[in-house]
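Chain letters run A, B, ... following the sequence lines, proteins first and then strands; every chain starts at 1.
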Amino acid sequence: MLKMYDFAAIERKWQSRWERDRLYRTADAPETRKYYSMEMLPYPSGDLHVGHAKNYAFGDAVARMMRMLGYNVLHPMGWDAFGLPAENAAIDRGIDPAVWTTENILNMRRQIRLMGTSYDWSREIATCEPEFYRWNQWLFLRLFERGLAYKREAPVNWCPHDRTVLANEQVIDGRCWRCEHLVERRNLSQWFLRITAYADRLVADLDRLGGWPERTRTMQRNWIGRSEGVAVTFAVEGLDVPIEVFTTRADTIYGATFLAVAPEHRIVQSLRAIVSADRAVAIDRFVKELSSKSELERTSLMEKQGVFTGAYAIHPLSRERVPIWLGNYVLAEYGGGALMGVPAHDERDFDFATKHGIPIVQVILPESAAAATPFDKPFVEDGRLIASAEFSEMSSVRAREAIAARLAAMGAGEPRVTYKLRDWLISRQRYWGTPIPIVYCEACGEVAVPDEELPILLPPRERATGEGSPLGSICAFVNTTCPKCGGPARRETDTMDTFFESSWYFLRYLDPHNDRQPWDPQRAAQWMPVDQYIGGAEHAVLHLLYSRFFYKFFHDEGWVTGSDEPFERLFHQGLVLRDGDKMSKSRGNVVGIDETAERYGVDAMRLFLMYVTPPEETSNWTDAGISGRVRLLNRIWRACERHFDEKPTAGPMPAAETDAEKALLRAVHVVAKSAIDETMTPRFHYNTTIAKLDELVNLMTAAAPQPASPALRYGVQMLPILIAPFAPHIAEELWERLGNETSVHLQRYPEPDARALTVEEITLVVQVNGKVRARIPAPAGVGEEEALALALADPNVRAHIDGKELRKRIYVPDKLLNLVA
RNA sequence: GCCCAGAUGGCGGAAUUGGUAGACGCGCUGGUUUCAGGUACCAGUGGUGGCAACACCGUGGGGGUUCGAGUCCCUUUCUGGGCACCA
């Protein structure tokens, strides 16, 4: 590949010039319309490949477009710098995680700068720095004060490989989201954040997030899993403690032929005491067998197992005796850990009853069916009630209300909303994270560290073994005094989930050097919400849900105003594949940024990533593809080169003399219109914009008007502005060589001019019976009768009409005439 | 199993509200420049038939609505993503 222009020198030159001139510093200028544009902050894993580059190329193009459209754009970058890979690398290689992280940040910052991105680096943050994580601790204490952070013992997900617990959101198909090892179940005392207190708002407000992809909203909705139903109380024979179950199908209550209780349910020990010795033994055996099984093993992988406790409950409406079972498919943490089994109308209950010989009683009939018929699978839809006392003949919908009302009147039930969402477990038994600011005092118990003692610094690590509690083994850290009574106390030795810091970092960018507050609420009022957030879809229910929770809390505290949603619009970019495979070191198919920049130049790389596919699609990296973009840049250079010695002619659009000039002026404005439309829609399909740019360059080179043509000189002057958001370096160099003095990136993007965009001549498509028979040039705005005359003058059209009578005529102005004969 | 998105030349992909299918690029073919290769430039490039004008076929398969369907409806296959004992 011959280099027509020296991209390496140009890219180097402008990157340092922009930095010297602080071109991309953002001022807090409240008088200008703001635009907060952000890409998800990266984990500093070491090296960037073109998959990352795609994300930054689009984010940067959007930020540059908005600047050139006159917005005050905030476009920051930072590092999600706490986390396991650093710690694991430290254990493997015997280096300090801080050193490993810092080195990676240095390299990745270099690569992101190499891409010619327009970040305001004066706002850069790294979450592992005490200046940042002290505010993690501060926010934790505020949550603690409000009762939104609490410690409790609970069955939790334990990843044996990463040697730490995980939040539910971080377990994918029963496996650790990072290392993919099967998680185990342990009972541990851990810190939780009460995200469930916000469940209702988190699900309700999804409806307002019109700028989010529908599938992301659906995933969050499913994850929160809001269900409306009834909590029903069943009295237990021989016991004064009742069992409460949750059901969304109160209409099926007369079909309840058993109760199933989770083995962890508190009532199990009471039941055990009132049943026969052999039942007690069976209960013990069942509970013990399941105690070590993970939720995945118990629910998805195992068959429905259970054991009859020997005890009976009393049906609140029919007063019949209902046997109480323990079941492995009953989740301890949902719906109170107990359910009423209605085998005729629930798949799972049906399986369980069939397996254990429990009676199946049909109480709902399909609307169409006349009478109860034998069946081999449960009927789970709504229908009409039978065998349900005075509720018989009612529809399911009516019966649900009537039965709920009856139960409520009897004091045996109440309406209840239940969520699948559980509280967010944030304790991690690892070193490289934010220490949780709590001490344990023998006299005072759990005590919050006072604000003025923050930050609790992460102590230097003497030796990393990967065994035991990392902070727990550092005596100087653990042993402290109680802030309340001054007596001896021990520090909490767990660190925080790194999703804690990524749930609010976007606020720190607004005020990154503030040492009195995490951010100034006035700055938040000015800049929030984030107007456009760009990042991978893999965080649909992790980071994006936690951030919404935090932001609602901040809003309730008055630290942010306006909307209580942090991200106005959200965009997920697609992956970049190589040879149809995901890029990975083990496959050896990683396309690195450094090599690509060196071979083809950064502008070509950015152009290719935006051109090859719409941003949301998965794109495939090809060397042939990028050389096409190098070619385009060369042709752009040559188109401008002939005009380097001319004086700048930037000014109003000149009048076009010839058809070629008209076409050229039109092409300029077609590009501008496309770029603006794609930015504002906001669809970001710059692939179509760049295709139109190709067409413009074709016009400027192939069928170029005379070099002296004012239209051509106008096109040449506009070209660097048009490409500035996409190929910022060559744009700047051409702009300078064409005799301009202020940066091309400070120019206004051209307003699409209606005069340039209108066409004077159209192609009239003439169809006969719906088939195209002629394409006739005609003046724009041609009337129907003139169009008909033109069509009938065409020999091919006449041949197809062939003397037949015209029965119908459809005329689409400036487009098409269809003659039906 | 359930829900969502998608399927367009050899390839990546274009195509407001139904109105010229295949823009643009890659690849390929022929030509010009060159000692040659590459680069660059010019022309061609959905399939079939035809010297040509042109005709027929063509947006995963089948059916429908319409003057007209890549676009709307029904049905089916495949691909990608999500959910999957949440009572």
To the nearest Å, how far apart are [X] [atom1] and [N] [atom2]?
| X | N | atom1 | atom2 | answer |
| --- | --- | --- | --- | --- |
| A:Leu607 | B:C24 | CG | C1' | 13 Å |
| A:Arg809 | B:U66 | CZ | P | 22 Å |
| A:Ile690 | B:A23 | CD1 | C1' | 15 Å |
| A:Leu577 | B:G12 | CG | P | 12 Å |
| A:Leu545 | B:G82 | CG | C1' | 16 Å |
| A:Asn634 | B:G25 | CG | C1' | 15 Å |
| A:Arg217 | B:G82 | CZ | P | 19 Å |
| A:Leu633 | B:G25 | CG | C1' | 13 Å |

*asked:* According to salt bridge (charged side-chain N to carboxylate O under 4.0 Å, His left out), does anything in residues 689-701 of chain A pair up with another residue at least two apart or in another chain? List the pairs.
replied: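 For residues 689-701 of chain A: A:Arg629-A:Asp694.
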Roughly how many Å apart are [M] and [N], using the [atom1] atom of each and rounding to a whole number?
| N | M | atom1 | answer |
| --- | --- | --- | --- |
| B:C72 | B:G68 | C1' | 13 Å |
| B:C35 | B:C28 | C1' | 27 Å |
| B:A69 | B:G64 | P | 12 Å |
| B:G58 | B:C4 | P | 30 Å |
| B:G25 | B:U79 | P | 34 Å |
| B:C67 | B:G18 | C1' | 12 Å |
| B:G27 | B:C11 | C1' | 7 Å |
| B:G38 | B:U29 | P | 11 Å |

Name the pairs: protein N/O against N/O of nucleotides 26-34 of chain B, kept only if under 3.5 Å.
from: B:C26; atom 1: OP1; to: A:Arg631; atom 2: NH1; distance (Å): 2.8

What is the pairing partner of [N], taking Watson-Crick or G-U wobble pairs with both distances under 3.5 Å in any strand?
| N | result |
| --- | --- |
| B:C83 | B:G1 |
| B:A7 | B:U77 |
| B:A14 | none |
| B:U71 | none |
| B:A36 | none |
| B:U48 | B:A55 |
| B:C41 | B:G31 |

*Given A:Val630, A:Ile626, A:Leu633, the one that forms side-chain contact (heavy atoms from CB on, under 4.5 Å) with A:Leu607*: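 Between A:Leu607 and the candidates, side-chain contact (heavy atoms from CB on, under 4.5 Å) is satisfied uniquely by A:Leu633.
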_As a test of understanding, state which of A:Leu693, A:Leu757, A:Leu722, A:Leu719 forms a side-chain contact (heavy atoms from CB on, under 4.5 Å) with A:Val668._
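For A:Val668, the side-chain contact (heavy atoms from CB on, under 4.5 Å) test succeeds with only one of A:Leu693, A:Leu757, A:Leu722, A:Leu719, which is A:Leu722.
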Nearest 0.5 Å, please: how far is [atom2] in [Y] from [atom1] in [X]?
| X | Y | atom1 | atom2 | answer |
| --- | --- | --- | --- | --- |
| A:Glu617 | A:Asn687 | CD | CG | 9.5 Å |
| A:Ile364 | A:Glu381 | CD1 | CD | 11.5 Å |
| A:Tyr5 | A:Asn634 | OH | CG | 7.0 Å |
| A:Leu609 | A:Asn55 | CG | CG | 10.5 Å |
| A:Gln573 | A:Ser619 | CD | OG | 9.5 Å |

_Taking 4.0 Å as the cut-off, does a side-chain nitrogen or oxygen of A:Arg638 come that near to OP1 or OP2 on B:C41?_
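Answer is yes, contact under 4.0 Å.
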_Phosphate-side-chain proximity, A:Asn698 and B:A23, N/O vs OP1/OP2 below 4.0 Å_ =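 For A:Asn698, the contact criterion (side-chain N or O under 4.0 Å from OP1 or OP2 of B:A23) is not met.
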Side chains of residues 226-234 of chain A: which donor-acceptor pairs under 3.5 Å do they make with residues two or more places apart or in other chains?
from: A:Arg226; atom 1: NE; to: A:Asp200; atom 2: OD1; distance (Å): 2.8
from: A:Arg226; atom 1: NH1; to: A:Glu228; atom 2: OE2; distance (Å): 2.7

Show each protein N/O and nucleotides 5-8 of chain B N/O combination with a separation under 3.5 Å, one pair to a line.
none

*asked:* Checking one value: the base orientation of B:G38, syn if chi is within 90 degrees of 0, otherwise anti.
replied: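 B:G38: anti.
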Could you tell me whether [X] and [Y] have a side-chain N and a carboxylate O separated by less than 4.0 Å?
| X | Y | value |
| --- | --- | --- |
| A:Glu169 | A:Arg422 | no |
| A:Arg217 | A:Asp207 | no |
| A:Arg683 | A:Glu678 | yes |
| A:Glu805 | A:Arg807 | no |
| A:Arg249 | A:Asp382 | yes |
| A:Glu347 | A:Lys304 | no |

*asked:* When you compare the side chains of A:Glu616 and A:His685, does any donor N or O come within less than 3.5 Å of an acceptor on the partner?
replied: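 Side chains of A:Glu616 and A:His685: pair found under 3.5 Å.
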*Residue pair A:Ser674 / A:Tyr686, side-chain donor-acceptor N/O under 3.5 Å*: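 No, A:Tyr686 and A:Ser674 have no side-chain donor paired with an acceptor closer than 3.5 Å.
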*Looking across every strand, which nucleic acid part, if any, lies under 4.0 Å from A:Thr218 by heavy atom: base, sugar-phosphate, or nothing?*
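Here A:Thr218 touches no strand at all.
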*Sugar-phosphate, base or nothing in reach of A:Ala338, heavy atoms under 4.0 Å*: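 Base contact.
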*Looking only at side-chain atoms of A:Thr763, point me to the closest of B:C41, B:U20, B:C24.*
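Side chain of A:Thr763 sits closest to B:U20.
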*More 5' along RNA chain B: A:Arg215 or A:Ala691, using each one's nearest nucleotide?*
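Comparing both residues, the 5'-ward one is A:Ala691.
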_With nearest nucleotide decided by heavy atoms, which residue, A:Gly225 or A:Asn620, maps closer to the 5′ end of RNA chain B?_
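Here A:Asn620 is the residue nearer the 5' end.
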Could I get a table of every N or O pair under 3.5 Å where one atom is in the protein and the other is in nucleotides 13-19 of chain B?
from: B:A14; atom 1: OP1; to: A:Asn687; atom 2: ND2; distance (Å): 3.3
from: B:G19; atom 1: N2; to: A:Gln767; atom 2: OE1; distance (Å): 3.3

*asked:* Protein within reach of the bases, or only the backbone? For nucleotides 54-59 of chain B, mark each nucleotide 5' to 3' as B, S or -, using heavy atoms under 4.0 Å.
replied: SSSS--
